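The model shown is predicted, which means the values in this text are computed figures rather than measured ones.
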Amino acid sequence: KLLVVNAWFGISKIFTFKILHEIWLHVIVLHTHKAEWIAQYVDERIYTDDIHNSAKSCQSVSDYIRHWWIIDWVCTIWEESVLLTSQITDMLWLPGIPYSISSQIKNKYQFRQKCIEYNIPSVLSHQIQSESDLDRIVEHMYFPIMLKPCFGAASTHTVKIQNPQDFKDTYYYISKNNVENTVHLKNWIAFYVEEFIEWPEIDVDILIQDAKILFWTITDNFTWSEPYFLPIGDVKPSSLPQDIQMEIYVLLEQTIQCFKLKNCCIHYEIKISSRWVIPLEINLRMGGARIYDLVKYACNVDLVKYLAMIA
C-alpha cells in the first residue's frame, strides 16, 4: 500500500494518481479536501482536519493503521507536504527521507549552513530573526540581495532587493500582511537573505535508490522574471558543456552522501558559471510545473513510475 500525502487538490496533479492507479498499486491519499474527481484513482482516503497540523495528521494515519492494513511506503509530490511525509515515514519506520534530514533541507537557510559544514559551495546568507537584524544585514551584505522565506515554495515572497531602503520596506510589507495565510508558508514565516548571483540557473531531477543515483537529468532554465523570480520557461536536453555537466554530477554525489539521501526522487536547483557549481535548494519530491513531461518526452523516463518502483 502506498500513502500519498496531499496538501491540496490542484487538478494539474491528477496525472500522478492516474499513473499510480494504472500500475496496480493500492493507493491511499491523506488529505483534507473531499475532491470527488480523485475517487476513481485511489483505493482509500484518510481525512484529517488540518494537514498543516502534523500531530493531527499523524494521528489520522495511526488510527487507520490500527483498523486496517499496514502502509508500505509514504510519498508526496507537494512541497508543502515534505515535512509531514517524513514525520509519517518515521512514525511507521518506513524507508524514505527521515525528518532529521528533511528538516535540514526544507529550511533553505539551514540547508546553506549545512552545505558550509559539509564543504559544499554555498552563497553568503543571513537569517532574519527579528527586525533588529535588518541593520546588521545592511552592514554586512552587498546589494542586490535576495529576500526569501526559509520554508517557501514556488517563489512565494521571493524578491530581489536593490538597496537597503527597499530591503526594509519590502520586509516590513511582507511580514505585516498575513503571510501566515499563504499556503506555501502556513506556520512558517521565518525569512533570510542571501547574496544575488548573476549566473544561469539549472534544475536537476534525480532518482535515488540505496543512496545511489539511478537516473539524473539537467533542465536549463530561461532567465527568471525579476524582481519576483517568476518562471518564464525551460528547455531540455541541456546545452551545457560536458565538463560542466560532470561538475554537476560530482556535486550530486557529494550532496547525496553528505545528507544521507537513500530512496527518493529529488529536484535540485543549482547556479552555474564557467568555474563554479553552487546549490540553491533541494526539493525532496518530484519537480513541479512541466518537469514530468519534459523528462518523459526528452529522456523517455516516467518519474512517477520509477518512484513507485523504488518504493
For this session: Kindly determine whether R66 and D63 satisfy salt bridge (charged side-chain N to carboxylate O under 4.0 Å, His left out), including the steps that lead there.
Result: CA-CA 5 Å; R66 193 177 300 118; D63 292 342; 2.8 Å; yes
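- Hydrophobic clustering of Ile, Leu, Val, Met, Phe, Trp and Tyr side chains at less than 4.5 Å, counting indirect connections, unites M246 with L240.
- Ring centers of Y292 and F15: under 6.0 Å apart, within the cut-off.
- Under the 3.5 Å distance criterion, with hydrogens and angles disregarded, no donor-acceptor pair is assigned to the side chains of K56 and T48.
- T170 places a side-chain N or O within 3.5 Å of a backbone atom of D166 that can act as its donor or acceptor partner.
- W73 places a side-chain N or O within 3.5 Å of a backbone atom of P95 that can act as its donor or acceptor partner.
- Proximity of a side-chain donor or acceptor of E194 to a complementary backbone N or O of L124 within less than 3.5 Å is not detected.
- For Q254 (side chain) and N119 (main-chain N/O), a donor-acceptor pair under 3.5 Å exists by modelled atom type.
- Ion pairing between R136 and E139 fails under the 4.0 Å rule for side-chain N and carboxylate O.
- Without hydrogens or angle criteria, D43 side chain to V27 main chain gives a donor-acceptor distance under 3.5 Å.
- Considering only residues two or more places apart in sequence or on other chains, K18 meets the salt bridge (charged side-chain N to carboxylate O under 4.0 Å, His left out) condition with none of them.
- Hydrophobic clustering (ILVMFWY, side-chain heavy atoms < 4.5 Å, transitive): I270 and Y118 are in one cluster.
- Without hydrogens or angle criteria, S273 side chain to W276 main chain gives a donor-acceptor distance under 3.5 Å.
- Figure legend: K160 and F196 shown as a cation-pi pair, the cationic atom lying under 6.0 angstrom from the six-membered ring centre and within 45 degrees of its axis.
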For this session: Please report the C-alpha distance between D210 and K262 in whole Å, then the side-chain angles of each, then the deciding distance to 0.1 Å, and finally whether the salt bridge (charged side-chain N to carboxylate O under 4.0 Å, His left out) criterion is met.
Result: CA-CA 5 Å; D210 296 328; K262 293 184 178 180; over 6 Å; no
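- Between the side chain of K271 and the main chain of W199, a donor-acceptor pair closer than 3.5 Å is present.
- A perpendicular orientation is assigned to the rings of Y41 and H21, their planes being inclined by more than 60° (bins at 30° and 60°).
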